[in-house]
K.L.:
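One structure follows; several queries about it will come next.
Just so you know, residue 1 is the first one in the sequence shown, and it goes up from there. It should be emphasised that the depicted structure is a prediction, and the values quoted were computed from it without experimental measurement. For the numbers below, each heavy atom of this structure counts, side chains included, while hydrogens, waters and symmetry mates do not.
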Amino acid sequence: QAQLVESGGGSVQAGGSMTLSCAASGFVFGNWVLGWWRQAPGKERELVAAISSTGGTTHYGGSVEGRTTISRDNVGHTVGLKMNDLRSEDTATYYCAACRWWHEKNDKENYAYWGQGVQVTVSS
């Protein structure tokens, strides 16, 4: 069955950087859009970044644009997220997810597969 497994995260100082990775299996990775979502306590789940099936197109949420990079490896079946200049408001559980079509990337309901999530805590 399809599986997404995140790694990385943990506690990070404000102003620092973090790198998350997600390993996929059980589906045709190269046919799917991959996204990183996050959810803070008491808040809606929000899209951090998405990358097209070929990796040629990316999209970033407004609060992270300019300090975040999403990437993917269609040979190794992984997707990564690097975020710089971390702020306290970046504290959340981060999820890797897959949806079938680029035009559906902004709605979490369109994502068929989700990882279990990884906690990122930014401290000042």
Side-chain angles (χ1 to χ4, degrees):
Q1 70 277 20
Q3 193 171 19
L4 294 167
V5 180
E6 302 97 336
S7 60
S11 295
V12 188
Q13 289 281 89
S17 300
M18 71 160 183
T19 299
L20 303 179
S21 185
C22 175
S25 61
F27 62 102
V28 184
F29 185 79
N31 288 351
W32 291 71
V33 173
L34 274 297
W36 282 97
W37 291 73
R38 68 184 182 186
Q39 188 166 21
K43 294 191 175 181
E44 291 286 319
R45 193 167 295 194
E46 67 169 339
L47 179 63
V48 176
I51 188 165
S52 64
S53 59
T54 63
T57 305
T58 57
H59 167 82
Y60 296 96
S63 63
V64 304
E65 193 162 16
R67 58 190 182 95
T68 300
T69 303
I70 187 171
S71 60
R72 67 186 292 161
D73 176 356
N74 280 359
V75 174
H77 296 181
T78 60
V79 58
L81 183 76
K82 182 172 175 59
M83 191 176 293
N84 301 315
D85 188 24
L86 287 166
R87 307 159 186 175
S88 57
E89 55 263 39
D90 294 319
T91 294
T93 300
Y94 285 70
Y95 299 90
C96 172
C99 78
R100 192 63 182 87
W101 306 109
W102 185 247
H103 67 273
E104 295 181 338
K105 66 186 181 301
N106 290 323
D107 186 343
K108 62 182 180 293
E109 300 301 323
N110 294 323
Y111 285 73
Y113 307 130
W114 290 86
Q116 80 286 354
V118 61
Q119 178 66 36
V120 173
T121 302
V122 181
S123 57
S124 55

K.L.:
Got a sec, which pairs hit disulfide bond (SG atoms under 2.5 Å apart) with one end in residues 29-62, sequence neighbours left out?
P.N.:
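Non-adjacent pairs meeting disulfide bond (SG atoms under 2.5 Å apart): zero.
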K.L.:
Using the salt bridge (Lys or Arg N to Asp or Glu O under 4.0 Å) rule, collect all pairs that involve residues 56-77, keeping only residues at least two apart or in two chains.
P.N.:
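Qualifying pairs: Arg67-Asp90.
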K.L.:
When hydrophobic residues are tied together by side-chain contacts of less than 4.5 Å, even through go-betweens, does Tyr94 share a cluster with Ile70?
P.N.:
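Cluster IDs for Tyr94 and Ile70 match.
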K.L.:
Begin from the C-alpha positions of Val12 and Thr121 and carry the test side-chain contact (heavy atoms from CB on, under 4.5 Å) through to its verdict.
P.N.:
CA-CA 6 Å; Val12 188; Thr121 302; over 6 Å; no
K.L.:
Among residues two or more places apart or on two chains, list those pairs meeting salt bridge (Lys or Arg N to Asp or Glu O under 4.0 Å) that have a residue in residues 53-63.
P.N.:
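Found none.
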K.L.:
Kindly give the heavy-atom pair with the smallest separation between Trp102 and Thr57, and that separation in Å.
P.N.:
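Between these two residues, the closest heavy atoms are CZ2-CG2, 3.6 Å.
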K.L.:
So, using salt bridge (Lys or Arg N to Asp or Glu O under 4.0 Å) as the criterion, who are the partners of Arg45 when residues are at least two apart?
P.N.:
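Expected list: none.
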K.L.:
Testing the 3.5 Å rule here: is there a donor-acceptor pair between the side chains of Ser123 and Gln13?
P.N.:
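A pair is found: one side chain offers a donor N or O, the other an acceptor, under 3.5 Å apart.
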K.L.:
Under the side chain to side chain donor-acceptor pair (under 3.5 Å) rule, collect the residues that match up with Gln1, sequence neighbours excluded.
P.N.:
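Result, side chain to side chain donor-acceptor pair (under 3.5 Å) vs Gln1: none returned.
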K.L.:
Sorted by first residue and then second, give each disulfide bond (SG atoms under 2.5 Å apart) pair with at least one member in residues 28-124; sequence neighbours left out.
P.N.:
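Disulfide bond (SG atoms under 2.5 Å apart) check on residues 28-124 returns Cys22-Cys96.
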K.L.:
Does any non-hydrogen side-chain atom of Thr78 lie less than 4.5 Å from one of Phe29?
P.N.:
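When only atoms from C-beta onward are counted, Thr78 and Phe29 do not touch, as no gap falls below 4.5 Å.
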K.L.:
Looking at every heavy atom in both Trp101 and Val33, which two are closest together, and how far apart are they?
P.N.:
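What the structure gives for the nearest pair is C-CG2, 3.8 Å.
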K.L.:
Just grab all the salt bridge (Lys or Arg N to Asp or Glu O under 4.0 Å) pairs involving residues 46-59, residues at least two apart or on different chains.
P.N.:
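Checked against salt bridge (Lys or Arg N to Asp or Glu O under 4.0 Å) - neighbours excluded - the pairs reaching residues 46-59 are Arg38-Glu46.
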K.L.:
Sort out for me which residue in Trp36, Trp114, Tyr111 forms a side chain to side chain contact (heavy atoms under 4.5 Å, CB included) with Tyr95.
P.N.:
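With Tyr95 as partner, side chain to side chain contact (heavy atoms under 4.5 Å, CB included) holds for just one option, Trp114.
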K.L.:
Please identify each residue that fulfils ring-ring contact (aromatic ring centres under 6.0 Å, His included) with Trp32, with sequence neighbours left out.
P.N.:
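For Trp32 the ring-ring contact (aromatic ring centres under 6.0 Å, His included) partners, ignoring immediate neighbours, are Phe27, Tyr113.
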K.L.:
Return the minimal non-hydrogen interatomic distance between Leu20 and Gly8, and the atom names on each side.
P.N.:
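Closest heavy-atom pair between Leu20 and Gly8: CD2-C, 3.7 Å.
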K.L.:
Looking only at non-hydrogen atoms, find the nearest pair between Gly56 and Ser52 and report the distance.
P.N.:
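Of all heavy-atom pairs spanning Gly56 and Ser52, the closest is N-OG, 3.3 Å.
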K.L.:
Per the disulfide bond (SG atoms under 2.5 Å apart) rule, what does the pair list look like for residues 23-52, sequence neighbours excluded?
P.N.:
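The answer is none; no pair qualifies.
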K.L.:
Which pairs pass salt bridge (Lys or Arg N to Asp or Glu O under 4.0 Å) with one or both residues in residues 92-120, sequence neighbours excluded?
P.N.:
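Qualifying pairs: Glu44-Lys108.
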K.L.:
Just so I know, are the side chains of Ser124 and Ser88 near enough to count as touching, which here means a heavy-atom distance under 4.5 Å?
P.N.:
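No, every pair of side-chain atoms sits at 4.5 Å or beyond.
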K.L.:
Could you tell me which non-hydrogen atom of Gly9 sits nearest to which non-hydrogen atom of Val118, and how far apart they are?
P.N.:
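Smallest heavy-atom distance, with atoms named: CA-CG2, 4.3 Å.
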K.L.:
Can you name the one residue among Ile51, Val48, Asn106 that meets side chain to side chain contact (heavy atoms under 4.5 Å, CB included) with His59?
P.N.:
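Among Ile51, Val48, Asn106, the one that satisfies the side chain to side chain contact (heavy atoms under 4.5 Å, CB included) with His59 is Asn106.
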K.L.:
Using the rule that two of Ile, Leu, Val, Met, Phe, Trp, Tyr join whenever any of their side-chain heavy atoms come within less than 4.5 Å, decide whether Leu81 and Leu86 are in one cluster.
P.N.:
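Same cluster: Leu81 reaches Leu86 through Ile, Leu, Val, Met, Phe, Trp or Tyr contacts under 4.5 Å.
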K.L.:
Can you name the closest pair of heavy atoms from Gly30 and Ser53 and give their distance?
P.N.:
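Residues Gly30 and Ser53, closest heavy atoms: O-CB, 3.3 Å.
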K.L.:
Using the test side chain to side chain donor-acceptor pair (under 3.5 Å), find all partners of Asn84 that sit at least two apart in sequence or belong to another chain.
P.N.:
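For Asn84 the side chain to side chain donor-acceptor pair (under 3.5 Å) partners, ignoring immediate neighbours, are Ser17.
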K.L.:
Are a donor atom and an acceptor atom from the side chains of Thr93 and Gln119 found within less than 3.5 Å of each other?
P.N.:
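There is such a pair between these side chains.
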K.L.:
Do the side chains of Lys82 and Met18 get nearer than 4.5 Å, heavy atoms only?
P.N.:
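Answer no - side chains too far apart.
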K.L.:
Taking disulfide bond (SG atoms under 2.5 Å apart) as the cut-off, I'd like each qualifying pair that reaches into residues 31-69, sequence neighbours left out, listed once.
P.N.:
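Disulfide bond (SG atoms under 2.5 Å apart) check on residues 31-69 returns no pairs.
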